[in-house]
> 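For reference, the structure I am asking about is given below.
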Amino acid sequence: MDQITITFPDGKTREYPRGTTGLDIAKGISPSLAKRTVVMALNGTLTDLADPIDDNAAIDFVARDDARALELIRHDCAHVLAEAVQSLWPGTQVTIGPTIENGFYYDFFRNEPFTPEDFAAIEKKMREIIARDKPFTKEVWTRDEAKKVFADNGEAFKVELVDAIPEDQTIKIYKQGEWFDLCRGPHMTSTGKIGTAFKLMKVAGAYWRGDSNNPMLTRIYGTAWAKQEDLDTYLHQIEEAEKRDHRKLGRELDLFHFQEEGPGVVFWHAKGWSLFQSLVGYMRRRLAGDYDEVNAPQILDKVLWETSGHWEWYRENMFAAQSAGEDAEDKRWFALKPMNCPGHVQIFKHGLKSYRDLPLRMAEFGVVHRYEPSGAMHGLMRVRGFTQDDAHVFCTEAQLADECIKINDLILSTYSDFGFEGELTVKLSTRPEKRVGTDEMWDHAERVMATVLSEIKAKGGNRIKTEINPGEGAFYGPKFEYVLRDAIGRDWQCGTTQVDFNLPERFGAFYIDADGAKKAPVMVHRAICGSMERFTGILIEHYAGNFPLWLAPVQVVVTTITSEGDDYAKKVLAALRKAGLRADIDLRNEKINFKVREHSLAKVPALLVVGKKEAESHSVSVRRLGSEGQKVMPTDEAIAALVDEATPPDVKRMHASPAVAAE
RNA sequence: GCUGCCGUAGCUCAGUGGUAGAGCACUCCCUUGGUAAGGGAGAGGUCGACAGUUCAAUCCUGUCCGGCAGCACCA
């Protein structure tokens, strides 16, 4: 039969001749439908509207304002960008131009790179091309034909791309007027559908096919949206993100700095260090009872790193040191630890361990140094010297799953306490190509981890998403990665749980099992914050510097209206400090307006203003950051309220449910 | 590490082939003012480092260091 059945979104069906195009069907229904449809979804897959339909299918006509069209707007926009660039600078080679989150990019090869100054001209040309509103038309070429045309046009990269397309796939060419590009599609019906809500954002270098051995291309990034309003919102969001950049806030709030002599190492100022220590203090409380905190040396003979495998696998990223003395006899090379695990194995090995000692959980807020590539460094987020909230659990195979779950619970509750209430993703990374250990061992480990993963998902309800990252595991074992979402929707990978069958054996670590036999323990590496420096950076951006009271470096400032209030202000300060609050005093001879402004800009959560009235009535005028007004209350009452609010969330929980109920 | 851009006072930034400027911050003086900038004066820079070109370099060129944006990297 030469008829096919098309099912419409409302469930109705209709017969059409085989090979009818989506456009024909749309036109048959109504010209306005045909006009506003930019692409069709055939059985849920976006397809060019002009494509003939050869089989029974469910059809859905997608209009430009449909969420599904957004990716096409961006992709089409990338094509228009490429045409604009080639028309302005003939001889520029085009390569690829995919869509990405919030936009698209296109990589060009040209001897002279583009600069943002070129954007105005490119955007102008793009608007012309869009205004021309030429239809996107698809042609299928033979491989040889495509290669010849691209080769004749001097498009060497496109020739390579054609070669890279698998034999069983056709070579599709999309034209928009005169200009054409190799493309998988689909595209909207014409360039005019792109609209004008787009903007070129930045230029950057990028390697051809992502390989650092290949030539560097110039990448132009753009963003595109269905409506101008959406573009404006997006640009506004970028501004907001810039405002909370931890590097900027770190300077403004006097938290830390970097300087040339110490690339990638942090100079923590008093306030930043207070924040950092609040974090460490929190983690210590959470570990109490379950973990033993230890401290392994910062610098160790390189032979130890040879045993661990780091000297072979990781040397490029390590700092080494030796005596600086010209006449020193000891010329051994030492390495700064890039990881804590070898040190912990040494501690484990010290003294015979029994199966009764397991699981043995060893924690360290260890400072590690890694020689990160210069281009990788970024404020606190990627540094060369940092503190890990690291721990290693030595356990038996049988204990492995329970330990992973226990770690999971700790990680999740920690993130909640720091105000990360959004979606969380747990990714399981499985065996990489380069790995140690037998396949049976990996099979077993991955099976255990997969079971744990489903349990994590089940326990987490809707909040937890799980994923598998095939081949992304560490060379010594599979791992979980925990990704949290911050206040403005950005994802950060922080926690990790890594199973290791390798290191204990390398170091000859063992325990005596119940049957008297020596056995190598399984080692689980885990971190919750990951790098404490980075986590502090994430907190700064998450809270935009407006820390909750329990984290704020300066929790409260007492200040005066006139110097008449000085004595009373000092008494209030003493009472605040006695109550355990981080309090400062500001007795400067400045107007109250000025002082309120300064402490507000410094993001001090609570300002206690005292004048004659307050001194006489033993009260304070409390002004909270972010509020326009203030509230006068008895000093004792104000302090009690602040103390309560400043109590860390874990301590509050402990107060709420004492471990041992009172008799 | 790669590509591009950048490096001038504590911060934000202007500027010039003839060794530099603003605002804020800082110091001092005046001001004692009820909740987001009171007024005045002063001090402060080897113009990232080292070479080169030039009569002369902060400015031009090169190398290096550091930073920014991507890319690559993140065992």
Side-chain angles (χ1 to χ4, degrees), chain A residues 100 105 107 109-110 112-117 201-221 245 247-248 251-252 254 257-264 308-318 338-339 341 370-379 381-384 386 432 434-436 472-477 479 481 493 496 498 500 502 525 530-531 534 559-566 587-602 607-614 621-632:
Chain A
I100 50 173
Y105 65 78
D107 285 348
F109 182 77
R110 179 184 175 225
E112 197 170 326
F114 300 102
T115 74
E117 280 86 73
M201 303 298 285
K202 54 196 171 197
V203 291
Y207 298 111
W208 168 234
R209 316 191 104 186
D211 186 334
S212 54
N213 298 312
N214 287 342
M216 179 69 75
L217 309 169
T218 300
R219 175 171 298 177
I220 297 182
Y221 284 92
D245 188 314
R247 293 167 299 186
K248 180 172 137 78
R251 194 166 48 237
E252 289 171 357
D254 193 18
H257 84 268
F258 291 91
Q259 65 188 49
E260 288 201 10
E261 294 84 349
S308 70
H310 286 88
W311 202 254
E312 186 193 348
W313 292 73
Y314 199 60
R315 192 170 168 183
E316 304 306 308
N317 292 287
M318 288 170 69
M339 289 173 124
C341 28
R370 301 176 182 183
Y371 191 86
E372 300 287 355
S374 58
M377 286 181 303
H378 182 89
M381 301 305 188
R382 189 87 177 265
V383 286
R384 285 182 174 162
F386 60 99
K434 266 175 76 180
R435 61 177 182 267
V436 297
E472 295 288 313
F475 70 90
Y476 46 73
K479 63 182 179 188
E481 287 178 341
Q493 198 236 297
T496 175
Q498 311 185 356
D500 184 351
N502 178 246
H525 308 243
S531 151
R534 179 164 173 272
T559 192
T560 48
I561 302 290
T562 72
S563 55
E564 270 184 320
D566 286 6
L587 301 179
R588 287 177 303 169
N589 174 16
E590 295 288 354
K591 287 194 172 176
I592 190 61
N593 284 316
F594 180 85
K595 291 196 276 194
V596 165
R597 176 179 157 82
E598 277 218 337
H599 298 298
S600 299
L601 290 174
L607 195 56
L608 305 188
V609 178
V610 297
K612 209 170 177 178
K613 283 184 279 182
E614 288 79 9
S621 167
V622 183
R623 183 185 171 111
R624 296 303 303 259
L625 181 61
S627 88
E628 305 261 309
Q630 52 276 333
K631 197 169 148 193
V632 177

> Measure CD/A/E598 against P/B/A36 and give the value in whole Å, please.
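Computing the A/E598:CD to B/A36:P distance gives 14 Å.
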> Can you tell me how far the NZ atom of A/K591 sits from the CD1 atom of A/I561, to the nearest 0.5 Å?
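These two atoms lie 12.0 Å from each other.
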> Any side-chain N or O of A/S563 less than 4.0 Å from the OP1 or OP2 oxygen of B/U32?
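Indeed not, no polar side-chain atom of A/S563 lies that close.
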> Expressed as a whole number of angstroms, how long is the span from A/E260:CD to B/G66:C1'?
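A/E260 atom CD is separated from B/G66 atom C1' by 4 Å.
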> Contact class for A/K612 vs. all strands (heavy atom < 4.0 Å): base, sugar-phosphate, or nothing?
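If one applies the 4.0 Å heavy-atom cut-off, A/K612 turns out to touch a base.
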> Charged N to carboxylate O under 4.0 angstrom, A/D245 versus A/R247?
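Yes, charged N to carboxylate O under 4.0 Å.
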> Between P on B/G38 and NZ on A/K591, what's the gap in Å once rounded to a whole number?
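From A/K591 NZ to B/G38 P: 6 Å.
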> Decide whether a cation-pi geometry holds between A/K434 and A/F475; the criteria are a distance under 6.0 Å from NZ or CZ to the six-membered ring centre and an angle within 45° of the ring axis.
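Here A/K434 fails the 6.0 Å and 45° test against A/F475.
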> Touch check for A/K613, heavy atoms < 4.0 angstrom, all strands: base, sugar-phosphate only, or nothing?
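It contacts base atoms.
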> Using a 4.0 Å heavy-atom cut-off, write out nucleotides 68-75 of chain B from 5' to 3' as B (base contacted by protein), S (sugar-phosphate only) or - (no contact).
SSBBBBBB
> Checking side-chain contact (heavy atoms from CB on, under 4.5 Å) for the pair A/E614/A/V632: CA distance, chi angles, key distance, verdict?
CA-CA 8 Å; A/E614 288 79 9; A/V632 177; 4.3 Å; yes
> Figure out the CZ/P separation between A/R623 and B/U35, and round it to whole Å.
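So the two atoms are 9 Å apart, to the nearest Å.
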> Rounded to whole Å, how long is the line connecting atom NE2 of A/H257 with atom C1' of B/A25?
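Going from NE2 in A/H257 over to C1' in B/A25 covers 17 Å.
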> Looking only at heavy atoms, what is the nearest atom pair of A/V383 and A/E372, with distance?
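A/V383 and A/E372 have their closest heavy atoms at O-CG, 3.5 Å.
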> Taking all atoms of both residues into account, what is the closest heavy-atom pair of A/Y476 and A/N502, and its distance?
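The pair with the smallest heavy-atom distance is CB-CB, 3.6 Å.
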> Whole-Å distance between B/U3 P and A/R110 CZ?
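Spelled out: CZ on A/R110 to P on B/U3 is 17 Å.
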> Restricting to non-hydrogen atoms, name the atom on A/S627 and the atom on A/R623 that form the minimum distance, rounded to 0.1 Å.
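Shortest heavy-atom separation between A/S627 and A/R623 comes out as O-NH2, 3.5 Å.
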> Taking atom CZ of A/F109 and atom CE of A/M216, what is their separation to the nearest 0.5 Å?
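Interatomic distance, A/F109 CZ to A/M216 CE, rounded to 0.5 Å: 11.5 Å.
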> For A/K613, what residues pass the salt bridge (Lys or Arg N to Asp or Glu O under 4.0 Å) criterion, not counting sequence neighbours?
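Applying salt bridge (Lys or Arg N to Asp or Glu O under 4.0 Å) to A/K613 gives none.
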> Could you list all N or O pairs between the protein and nucleotides 10-13 of chain B that sit under 3.5 Å apart?
| from | atom 1 | to | atom 2 | distance (Å) |
| --- | --- | --- | --- | --- |
| B/C11 | O3' | A/R251 | NE | 3.4 |
| B/U12 | OP1 | A/R251 | NH2 | 3.1 |

> A/L608 has an atom CG; how far is it from atom C1' of B/G34, in whole Å?
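Distance, rounded to whole Å: 15 Å.
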> Please assess A/I100 against A/Y105 for the test side-chain contact (heavy atoms from CB on, under 4.5 Å), listing each intermediate value before the final yes or no.
CA-CA 7 Å; A/I100 50 173; A/Y105 65 78; 3.7 Å; yes
> Looking only at side-chain atoms of A/P263, point me to the closest of B/U35, B/G66, B/A36.
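The listed nucleotide nearest to A/P263's side chain is B/G66.
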> Set out, in order, the CA-CA distance, both residues' side-chain angles and the distance that settles side chain to side chain donor-acceptor pair (under 3.5 Å) for A/T559 and A/K595, then state yes or no.
CA-CA 8 Å; A/T559 192; A/K595 291 196 276 194; 3.3 Å; yes
> Report which part of the nucleic acid A/T560 touches: base, sugar-phosphate, or nothing (heavy-atom distance under 4.0 Å, all strands).
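Here A/T560 touches no strand at all.
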> Closer to the 5' end of RNA chain B via nearest nucleotide, is it A/Y371 or A/N593?
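With A/Y371 and A/N593 compared, the 5'-side residue is A/Y371.
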> Suppose we screen for side-chain contact (heavy atoms from CB on, under 4.5 Å). Which residues come up paired with A/A602, at least two apart in sequence or across chains?
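By the side-chain contact (heavy atoms from CB on, under 4.5 Å) rule, A/A602 matches A/V604.
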> I'd like the C1' distance from B/G48 over to B/G67, given in whole Å.
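Going atom to atom, C1' in each nucleotide, I get 11 Å.
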> Which atom pair, heavy atoms only, marks the closest approach of A/G379 to A/F258?
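Nearest heavy atoms, A/G379 then A/F258: O-CZ, 3.3 Å.
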> Using the C1' atom as the reference point in each nucleotide, state the distance between B/A25 and B/C55 in Å, no decimals.
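Per the computed distance, 41 Å lies between those C1' atoms.
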> Is atom CD of A/Q259 surrounded by more than 12 heavy atoms (other residues, nucleotides or ligands) closer than 6.0 Å?
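Atom CD in A/Q259 is crowded, with more than 12 foreign heavy atoms closer than 6.0 Å.
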> How far does the P atom of B/C50 sit from the matching atom of B/G38, given to the nearest Å?
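Straight-line distance between the two P atoms is 43 Å.
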> Pick the C1' atom in B/A43 and in B/A9, then give their distance to the nearest Å.
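Pairwise C1' distance, B/A43 against B/A9, rounds to 11 Å.
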> For RNA chain B, what dot-bracket results from Watson-Crick or G-U pairs at under 3.5 Å, with [ ] for crossers and | for inter-strand partners?
(((((((..((((....[..)))).(((((.......))))).....(((((..]....))))))))))))....
> For nucleotides B/U58 and B/G39, find the distance between their P atoms and express it as a whole number of Å.
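It works out to 38 Å between them.
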> Could you run down the sub-3.5 Å N/O contacts of the protein with nucleotides 40-45 of chain B?
none

> Using a 4.0 Å heavy-atom cut-off across all strands, classify A/E614 as base, sugar-phosphate, or nothing.
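Since a base atom lies under 4.0 Å of A/E614, the category is base.
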> Once you round it to whole Å, what is the distance between C1' of B/G34 and CD1 of A/I561?
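About 4 Å, once rounded to whole Å.
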> Taking the same atom, C1', in B/G44 and in B/C68, what whole-Å distance lies between them?
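My reading of the C1' atoms in B/G44 and B/C68 gives 28 Å.
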> For A/L217, which contact category applies under a 4.0 Å heavy-atom criterion: base, sugar-phosphate, or nothing?
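The answer is nothing, as A/L217 stays clear of every strand by at least 4.0 Å.
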> If we take the P atom in both B/G1 and B/A57, what is their distance in whole Å?
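Each nucleotide's P atom is 31 Å from the other's.
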> Rounding to the closest angstrom, what is the interatomic distance between B/C47 and B/A41 at atom P?
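Their P atoms lie roughly 29 Å apart.
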> Could you tell me if A/R534 sits above the aromatic ring of A/F386, with its cationic atom closer than 6.0 Å to the ring centre and no more than 45 degrees from the axis?
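No, cation not above the ring by the 6.0 Å, 45° rule.
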> What's the verdict on side-chain contact (heavy atoms from CB on, under 4.5 Å) for A/Y371 and A/M318, showing C-alpha distance, side-chain angles and the deciding distance?
CA-CA 5 Å; A/Y371 191 86; A/M318 288 170 69; over 6 Å; no
